[in-house]
**Q** 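Right, I'll just put the structure down here and ask away after.
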Amino acid sequence: MTEHSPEPSSEPAAHDFLKTRLEKLHKLAALGIDPWGVPFRRTHAPGEVVNGFAALEGKQVTVAGRVVAWRSHGKTVFCDLQDASGRLQLYLRRDQLGEESFGRLDLVDLGDHLGARGRVFRTRAGEVTVAVEDWTFLGKALRPPPEKWHGLKDVESRYRQRYLDLIANARTREILRIRSLTIRALRQGLDERGFLEMETPAMSAVVGGANARPFVTHHNALDCDYYLRISLELYLKRLVVGGFDRVYEIGRVFRNEGMSSRHNPEYTLLEFYQAYADYQDMMALTEELIPEVAERVLGTTVITYQGASINLDPPWRRLPLRQAVADATGVDFLALDHAGVHEAAVRLGLEPTPGTSRAAIIDDVMSRFVQPQLVQPTFLTDYPVEISPLARRRRDDPSLTYRFEAFVGGVEVANAYSELNDPADQRARFLEQAARRDQGDEEAHMMDEDFLTALEYGMPPTGGEGIGVDRLVMLLTDAPSIREVIPFPLLRPRK
RNA sequence: GGGCCAUUAGCUCAACUGGUAGAGCAUCCGACUCUUAAUCGGACGGUUCGGGGUUCGAGUCCCUGAUGGCCCA
């Protein structure tokens, strides 16, 4: 057993703390005690004992957890066990445990996992506590946990060694818990509305559905390059063509682009598609679903994000993109031609690179001057067709589309449209994108012949939407950075 | 990709204009039968992120590299 024990692998010449902990490990072996634990059945998690005290007082419980605090008083010891459910105090007395069992406590270190059986009571100070009658090792810690009071603050360590962050910081535990509940609530909301969850390829020879550079990988047996998906859209719409009239997927997408407090190269996207619906229906669904999720996860539809109080209740504000940009800048960009747009953007202090399209510049202006002001939930509608190659054209103005983006707390959380189901128009849009690719725009869409073929078999009018799950979690947890809500955000490898 | 900032003991942080690297927690030894950031006494612990330079002398100044954070593109 012990010869399989992890030796101080990465560390130079075992630190003192490592050495003394290894010595304790060897002492345990000499006593015939397995420091890695025996089959153990707990009756309660630490938090359950604390929360269920009224019913448990005076009763026997068997608990387990990590030792996170140790207060020794000679012939008694108080120690705190912690797991994700909470923290529970143990009270260990020599006269209760006996000489031998109490003596073995010398071999316990902060960070160890212990199991204990005893009676639940409340101390004079009011702390719910288990008076231990018997205890056992469940897993030795060879390294010390982070500092008990200040915790682990170093941002890099928190991300690289998230397990330490989780041990030390309750806030991190709470954020990741809310992330899980959020995904569950989204799934629940869509399931209840008759959507079917589907799984589409994460690797394929052609990717699309977004303006982004994909990651490339290689399949050896087929000797063929594949891309990692950048969205879920084109496959989900194929499923709609196939007759599934309400589908969704919650999945990881990968975008080979810059990183920021709002962008991680891999992130979680929810997309859903509803046949015989349009973007208006998607708006209605969004302003219903998001508050519903908040209610399920947080118990309220009023949240605080970065100091601002935000009411998620419907109806959300609706505003054409054109008007929003004009209000914010005093310039009616949509009335200008390419040169005029460029000139106006420059006057506002932007520096559009020469190849940038008219609509892309306007989108830029929007991100810079409009988006930060969209704190209360807002739908910006009617996006230009050039930056919406998969959206249906407006009948009253073919240069615009039936599309919206939803913003909350200045963060873009959703993007939706009435889906383009005219294969000829779709082909024209792809060709236009292909021309941009030829001009060196690596983020332009790829021609997807099979998707066009699918449309040629007939897709019903469909409303579709994507929601950035990580950004939604940011809002619900008041997290300033996407890295806070991703368990293991991408970092440069440590050499 | 550019600018700014950070990197000191296991963790959290100090160290004035360049002059002997410190504290708290953790660890180890000792005391203590209701403590809870337990307390009290003692001890151990450093490649000051790496490399180069200036200087009698560098954690501190200069150059360079690494990693991270924030802002910008």
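Chain letters run A, B, ... following the sequence lines, proteins first, then strands; residues in each count from 1. Note that the coordinates shown come from a computational prediction; the quantities given were computed from them, not determined experimentally.
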**Q** Just how far, in rounded Å, is C1' of B:A38 from CG of A:L90?
**A** 16 Å

**Q** Roughly how many Å is it from CZ in A:R158 to P in B:U67, rounded to a whole number?
**A**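 About 21 Å, once rounded to whole Å.
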
**Q** Side chain of A:E147, heavy atoms from C-beta onward: which of B:C25, B:U35, B:U33 has the nearest atom to it?
**A**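 Between B:C25, B:U35, B:U33, the one nearest the side chain of A:E147 would be B:C25.
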
**Q** When you measure from the side-chain N and O atoms of A:K24 to the phosphate of B:C28, is any distance below 4.0 Å, counting only OP1 and OP2?
**A** yes

**Q** Compare side-chain N and O positions of A:K148 against OP1 and OP2 of B:C11 and report whether any pair is under 4.0 Å apart.
**A**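 Checking A:K148 against B:C11: no side-chain N or O falls below 4.0 Å of OP1 or OP2.
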
**Q** So what does A:S72 hit on the nucleic acid, given a heavy-atom distance under 4.0 Å: a base, only sugar-phosphate, or nothing?
**A**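 Base contact.
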
**Q** Any side-chain N or O of A:R492 less than 4.0 Å from the OP1 or OP2 oxygen of B:A66?
**A** no

**Q** From the options B:A26, B:G24, B:G69, select the nucleotide whose nearest atom is closest to the side chain of A:P144.
**A** B:A26

**Q** Base, sugar-phosphate, or nothing: which does A:G151 touch, judged by heavy atoms less than 4.0 Å apart?
**A** sugar-phosphate

**Q** With a 3.5 Å cut-off and heavy atoms only, can you find an N or O donor on one side and an acceptor on the other between the side chain of A:Q89 and the base of B:U35?
**A**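 Such a pair exists between side chain and base.
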
**Q** Identify which nucleotide among B:U33, B:C71, B:C34 has an atom closest to any side-chain atom of A:D95, counting heavy atoms from C-beta outward.
**A**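 The closest nucleotide is B:U33.
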
**Q** Contact class for A:L164 vs. all strands (heavy atom < 4.0 Å): base, sugar-phosphate, or nothing?
**A** nothing

**Q** Using a distance-only criterion (donor-acceptor N/O pair, under 3.5 Å, no hydrogens), is the base of B:U27 paired with the side chain of A:T20?
**A**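 Between B:U27 and A:T20, which were checked side chain against base, a qualifying N/O pair under 3.5 Å is absent.
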
**Q** As a test of reading the structure: which of B:C70, B:C11, B:U35 is closest to the side chain of A:S261, going by heavy atoms?
**A**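 The answer is B:C70.
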
**Q** Considering just the side-chain nitrogens and oxygens of A:R368, establish if one lies under 4.0 Å of OP1 or OP2 belonging to B:A73.
**A** yes

**Q** At their closest point, which heavy atom of A:V38 faces which heavy atom of A:L138, and how far apart are they?
**A**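 Closest approach of A:V38 to A:L138, heavy atoms only: O-CD2, 4.1 Å.
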
**Q** Assess the side chains of A:Q96 and A:R119: does a donor N or O sit below 3.5 Å from an acceptor N or O?
**A**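 A:Q96 vs A:R119: no donor-acceptor pair found between side chains.
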
**Q** NA contact type, A:Y91, heavy-atom cut-off 4.0 Å: base, sugar-phosphate, or nothing?
**A** base

**Q** Just N and O in the side chain of A:R483: are any of them under 4.0 Å from OP1 or OP2 of B:G68?
**A**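 It does not, given that no N or O in the side chain of A:R483 lies less than 4.0 Å from OP1 or OP2 of B:G68.
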
**Q** So does A:R71 get a side-chain nitrogen or oxygen closer than 4.0 Å to the phosphate oxygens (OP1/OP2) of B:A38?
**A** yes

**Q** Under 4.0 angstrom, heavy atoms only, what part of the nucleic acid is A:R94 near: base, sugar-phosphate, or nothing?
**A**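 No contact.
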
**Q** Would you kindly check whether a donor in the side chain of A:D154 faces an acceptor in the base of B:U12, or vice versa, at under 3.5 angstrom?
**A**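 Per atom types, no contact qualifies.
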
**Q** A:S309: what forms a side chain to side chain contact (heavy atoms under 4.5 Å, CB included) with it, not counting sequence neighbours?
**A**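 Result, side chain to side chain contact (heavy atoms under 4.5 Å, CB included) vs A:S309: A:V302.
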
**Q** Rounded to whole Å, please give me the gap between CZ in A:R87 and P in B:U36.
**A**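 A:R87 atom CZ is separated from B:U36 atom P by 14 Å.
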
**Q** Identify the heavy atoms of A:L380 and A:L321 that sit nearest to each other, and give their distance.
**A**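 Nearest pair, atom of A:L380 first, then A:L321: CD1-CD1, 4.0 Å.
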
**Q** In this structure, how many angstroms lie between the P atom of B:U33 and the CZ atom of A:R124, rounded?
**A**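 It works out to 13 Å between those atoms.
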
**Q** Among B:G10, B:C34, B:U36, which nucleotide has an atom closest to any side-chain atom of A:E127?
**A**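 Looking only at heavy atoms from C-beta outward on A:E127, the closest nucleotide is B:U36.
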
**Q** Determine the interatomic distance between P on B:G42 and the same-named atom on B:U54; round to the nearest Å.
**A** 46 Å

**Q** What residues, two or more places apart in sequence or in another chain, satisfy side chain to side chain contact (heavy atoms under 4.5 Å, CB included) together with A:T76?
**A** A:H73, A:Y91, A:R93

**Q** In dot-bracket form, how is RNA chain B paired, counting a Watson-Crick or G-U wobble pair only if both its distances are under 3.5 Å and using | for bases paired to another strand?
**A** (((((((..((((.....[..)))).(((((.......))))).....(((((..]....)))))))))))).

**Q** Of the listed nucleotides (B:U36, B:A37, B:G69), which one gets closest to any side-chain atom of A:V155?
**A**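 The closest nucleotide is B:G69.
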
**Q** Whole Å only: how far is the NE2 atom of A:H73 from the P atom of B:U39?
**A**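 For the pair A:H73 NE2 and B:U39 P, the rounded distance is 10 Å.
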
**Q** Just how far, in rounded Å, is P of B:C25 from CD1 of A:I167?
**A** 22 Å

**Q** Can you name the side chain to side chain contact (heavy atoms under 4.5 Å, CB included) partners of A:A328, sequence neighbours left out?
**A** A:F369, A:V370, A:Q373

**Q** I'd like a table of donor-acceptor pairs (distance under 3.5 Å, sequence neighbours excluded) in which one partner is a side-chain atom from residues 104-111 of chain A, with atom names and distances.
**A**
| residue | atom | partner | partner atom | Å |
| --- | --- | --- | --- | --- |
| A:R104 | NH1 | A:E100 | OE2 | 3.4 |
| A:D109 | OD1 | A:K24 | NZ | 2.6 |
| A:D109 | OD2 | A:K140 | NZ | 2.8 |

**Q** Checking contacts here: which listed nucleotide (B:U35, B:C34, B:U33) is nearest the side-chain heavy atoms of A:T129?
**A**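 So the side chain of A:T129 is nearest to B:U35.
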
**Q** Using a heavy-atom cut-off of under 4.0 Å over every strand shown, decide if A:F121 touches base, sugar-phosphate, or nothing.
**A**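 The residue A:F121 makes base contact.
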
**Q** Parallel, tilted or perpendicular, judged at 30° and 60°: which one describes the rings of A:F404 and A:F379?
**A**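 If you compare the ring of A:F404 with that of A:F379, the planes turn out perpendicular.
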
**Q** Starting at NE2 of A:H150 and ending at C1' of B:A23, how long is that distance when rounded to a whole Å?
**A** 11 Å

**Q** Report all side-chain donor-acceptor pairs from residues 43-52 of chain A shorter than 3.5 Å, counting only partners two or more places apart or in another chain.
**A**
| residue | atom | partner | partner atom | Å |
| --- | --- | --- | --- | --- |
| A:T43 | OG1 | A:T62 | N | 2.8 |
| A:T43 | OG1 | A:T62 | O | 3.1 |
| A:E48 | OE1 | A:A45 | N | 2.9 |
| A:N51 | ND2 | A:G47 | O | 3.0 |

**Q** Measure CZ/A:R119 against C1'/B:C34 and give the value in whole Å, please.
**A** 13 Å

